[in-house]
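Residue numbering restarts at 1 for every chain, and letters A, B, ... go by the order of the sequence lines.
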Amino acid sequence: MAILIIAEHDNCTLKGATLNTVTAAAQMGQDLHLLVAGSNCQNVADEAASVEGISKVLLADNSVYAHHLAENTAQLISQLGTAYSHILAPATSNGKNILPRVAALLDVGQISDITAVESADTFQRPIYAGNAIATLQSLDNIKVITVRGTAFEAASTGNDAPIENVDLQIESNLSSFVSEEIAQSDRPELTAAKVVISGGRGMGNSESFTLLEQVADKLGGAVGASRAAVDAGFVPNDIQVGQTGKIVAPDLYIAVGISGAIQHLAGMKDSKIIVAINKDEEAPIFSVADYGLVADLFEAVPELEQKL
Amino acid sequence: MKILVAVKRVIDYNAKVRVKADNSDVDLSNTKMAINPFCEIAVEEAVRLKEAGSAQEVVAVSVGPKACQEQIRAALALGADRGIQVETDDNLESLNVAKLLAQVVRDEQPDLIIMGKQAIDSDNNQTGQMLSALLNMPQGTFASEINLQEGEVQVIREIDGGLQTLGLTLPAIITTDLRLNEPRYASLPNIMKAKRKPLAVVTPETLGVELKQHSKLLKVTPPAERSAGILVSSVDELIEKLKNQAKVI
């Protein structure tokens, strides 16, 4: 039986997390279908058709799917899903929102946020903020799974899979879209960036995050934050790195003024190289850092920016 | 309006997680337990809605062993009016918890159900969405703001890259994100008062819910350790190492 993958997109472009999910799916089976559910999203379907390993793109292009409302989209996926052995989505806020609803509609469990595939029914996933790794075997006939993007390589492109239209219009009238505020940024997306520089409580206020932005711009990176910095109101929650925020694994992660609470480490400890800048040499962040610099961040970060 | 909040007993936020030597599971013996932080935010939000006059009753429900009555009492001390424990000694998967909660909802008929977006033990982030599906109710997940209106609730949700506002018909299910509120500390008089608030105990059998196993836990292992690297003495040395040793810039 084939595997259904839910494409992550904004009706304009296919999001990178989809490509990592395709790689995970390819470790579970051969026949991979990619569902693009949205509105005026032909461009996304064309991009989806180019993903290597995909044998068919399903395009459900209807205004009822414009904002990915869980009530409509989950019904669509569960109706299509009965013909599949696996249903996969990236563990993005959208995937996390919709997929458990799909699982319950199909009366099966969900395995969240997998980081490794052992076989078509056995998977690894972090639990307790990444302090333990569970290996789970699914007993369900349809396996519903979300995939942690940073744990899998991105699938390449260059394919030309056929696109098939899905003519199902499902509208619940239970929920309606009111508005959306998406931060505009020229920097790369946090979870896809090769370099991430994050600030913690030690930043002191929101203005000093400008220091990090300057370094990020020099390195072509993204800016993140610890939960403490979010709780203190310095920065919005959507740049929070940690168990309860974004999971990142860039080539270079620079933690500035971050003590290194377990919940933060859970979000970044798979980074290739970790740098910590903190004036407290006892800070736990130094125990996971490849390079530690005990210094006042307000001196070290501007110096770093200047010398890069 | 009646609000139902779900609370889970989990390892305390600050407690150290140990994996059992036989790799069968995490060792929770002699570990400090607490109410899941996201559930605490759910209780706080419900109590605030009651204090604002928008709700008349807040019912706290927990699925778990007898010990989870401690977490129900904690919710009662924060201001919930009464508790329901669905007693089970099994470590239930999300779908089974959702099925039990669905039956409690059918019995209690709340207008709003608020729960945490995820528990900090299993980190699944599933139960609220599953409960919404089982009850065919709208879901407002990862909420950072809730505004009750006539026959509707507006929810501001934390999504990748920003915020999304949805309108949901009532009854609705909301799962909490971190910034929704900052839970209060229970005062000693309220902790004493909570001991006398009603707490009903039901079981999966009395609820008439049939549970099914959907996955098997094969093993639990500690994560790969990351060892500490070196301390550098200056920004110059840091840049030199990143360029020539790590080769990441």
field: Pick from B:T141, B:N14, B:L163 with the largest number of heavy-atom pairs that fall under 4.5 Å of chain A
entry: B:L163
Top of B:Q213, B:Q154, B:Q129 for chain A proximity - count of heavy-atom pairs under 4.5 angstrom: B:Q129
task: State plainly whether the residues B:K247 and A:D251 are in salt-bridge range, i.e. N to O under 4.0 Å.
output: no
- prompt: So, does B:Q139 use its side chain to make a donor-acceptor pair with the main chain of A:N97 at under 3.5 Å?
  reply: yes
task: Would you check if A:L293 and B:V235 make a side-chain contact, meaning some heavy-atom pair closer than 4.5 Å?
output: yes
field: Most chain A-contacting option - heavy-atom pairs closer than 4.5 Å, from B:G162, B:G229, B:G167
entry: B:G167
- prompt: What part of B:I239 is in contact with chain A, defined as an atom under 4.5 angstrom from a non-hydrogen atom: side chain, backbone, both or neither?
  reply: side chain
message: To the nearest 0.5 Å, what is the distance between CD1 on B:I120 and OH on A:Y128?
response: 9.0 Å
field: Which portion of B:I11 sits near chain A, non-hydrogen atoms under 4.5 angstrom
entry: side chain
task: Identify which part of A:Q240 has an atom lying under 4.5 Å from any heavy atom of chain B, answering side chain, backbone, both or neither.
output: side chain
task: Keeping the roles fixed (side chain from A:R125, backbone from B:D123), state whether a donor-acceptor pair exists under 3.5 Å.
output: yes
- prompt: With a 4.5 angstrom heavy-atom cut-off, which part of B:V19 approaches chain A: side chain, backbone, both or neither?
  reply: side chain
- prompt: What part of B:S234 is in contact with chain A, defined as an atom under 4.5 angstrom from a non-hydrogen atom: side chain, backbone, both or neither?
  reply: backbone
- line: Comparing A:E181, A:R101, A:E299 against chain B, the one with the most heavy-atom pairs below 4.5 Å turns out to be A:R101
statement: With chain B, the option among A:I274, A:D231, A:L69 that has the most non-hydrogen atom pairs under 4.5 Å is A:I274
- request: Answer with side chain, backbone, both or neither: which region of B:A246 has an atom nearer than 4.5 Å to a non-hydrogen atom of chain A?
  value: both
- request: Could you tell me which of A:S176, A:G109, A:A104 has the largest number of non-hydrogen atom pairs under 4.5 Å with chain B?
  value: A:S176
task: Kindly compute the distance separating CG (B:L218) from CD (A:E118), expressed to the nearest 0.5 Å.
output: 7.5 Å
query: A:Q110 and B:N124: side-chain donor and acceptor closer than 3.5 Å?
result: no
task: Could you check if a side-chain atom of A:L265 sits within less than 4.5 angstrom of a side-chain atom of B:R226, using non-hydrogen atoms only?
output: no
- line: Applying a strict 4.5 Å limit to non-hydrogen atoms, the region of B:S227 in contact with chain A is backbone
- request: Return yes if some donor-acceptor pair links the side-chain N/O of B:T169 with the main-chain N/O of A:L174 below 3.5 Å, else return no.
  value: yes
statement: Taken to the nearest 0.5 Å, the spacing of B:L242 CG from A:L304 CG works out to 8.0 Å
message: So for B:R157, is it side chain, backbone, both, or neither that comes closer than 4.5 Å to the heavy atoms of chain A?
response: side chain
Heavy-atom side-chain contact between A:Y291 and B:E237 under 4.5 Å: no
- request: Please state whether the side chain, the backbone, both or neither of B:L238 comes within less than 4.5 Å of a heavy atom of chain A.
  value: side chain
- prompt: Counting N and O atoms only, with roles assigned by atom type, does the side chain of B:R179 sit under 3.5 Å from a partner on the main chain of A:P236, one being a donor and the other an acceptor?
  reply: no
field: Pairs of heavy atoms under 4.5 Å with chain B: top-ranked of A:Q243, A:K269, A:K15, A:Q75
entry: A:Q243
Chain B contacts, top residue of A:N237, A:N131, A:L105 (heavy-atom pairs, under 4.5 Å): A:N237
task: Would you indicate whether the side-chain heavy atoms of B:D160 and A:K246 approach each other to under 4.5 Å?
output: yes
task: Would you mind checking which part of B:K16 comes under 4.5 Å of any heavy atom in chain A, side chain (CB onward), backbone (N, CA, C, O), both or neither?
output: neither
- prompt: Under a 4.5 Å heavy-atom cut-off, does chain A meet the side chain of B:S233, its backbone, both or neither?
  reply: backbone
- request: Hey, could you give me the CD1/CG distance between B:I230 and A:D290, rounded to the nearest 0.5 Å?
  value: 9.0 Å
Side chain to side chain contact (heavy atoms under 4.5 Å, CB included) partners for B:L217, two or more places apart: A:A134, A:L136, B:D25, B:V220
- line: Looking only at B:D177, B:N23, B:L178, B:N125, most heavy-atom pairs under 4.5 Å shared with chain A are made by B:L178
task: Identify, with sequence neighbours excluded, every residue that meets side chain to side chain contact (heavy atoms under 4.5 Å, CB included) alongside B:A102.
output: B:R106, B:L131, B:L134, B:L135
- line: Here the gap from A:N94 atom CG to B:Q164 atom CD, rounded to the nearest 0.5 Å, amounts to 8.5 Å
- prompt: Can you tell which of B:V26, B:L168, B:L170, B:I156 has the highest number of heavy-atom pairs within less than 4.5 Å of chain A?
  reply: B:V26
- request: Apply the test side-chain contact (heavy atoms from CB on, under 4.5 Å) to residues A:Q124 and B:T221: give CA-CA distance (whole Å), side-chain angles for both, the deciding distance (0.1 Å), then the verdict.
  value: CA-CA 10 Å; A:Q124 289 180 15; B:T221 50; over 6 Å; no
- prompt: Can any side-chain N or O of A:E71 pair as donor or acceptor with the backbone N or O of B:M137 at less than 3.5 Å?
  reply: no
statement: When the 4.5 angstrom heavy-atom criterion is applied to B:E93 and chain A, the contacting part is neither
- line: Most heavy-atom pairs under 4.5 Å with chain B, out of A:L99, A:D140, A:L252, belong to A:D140
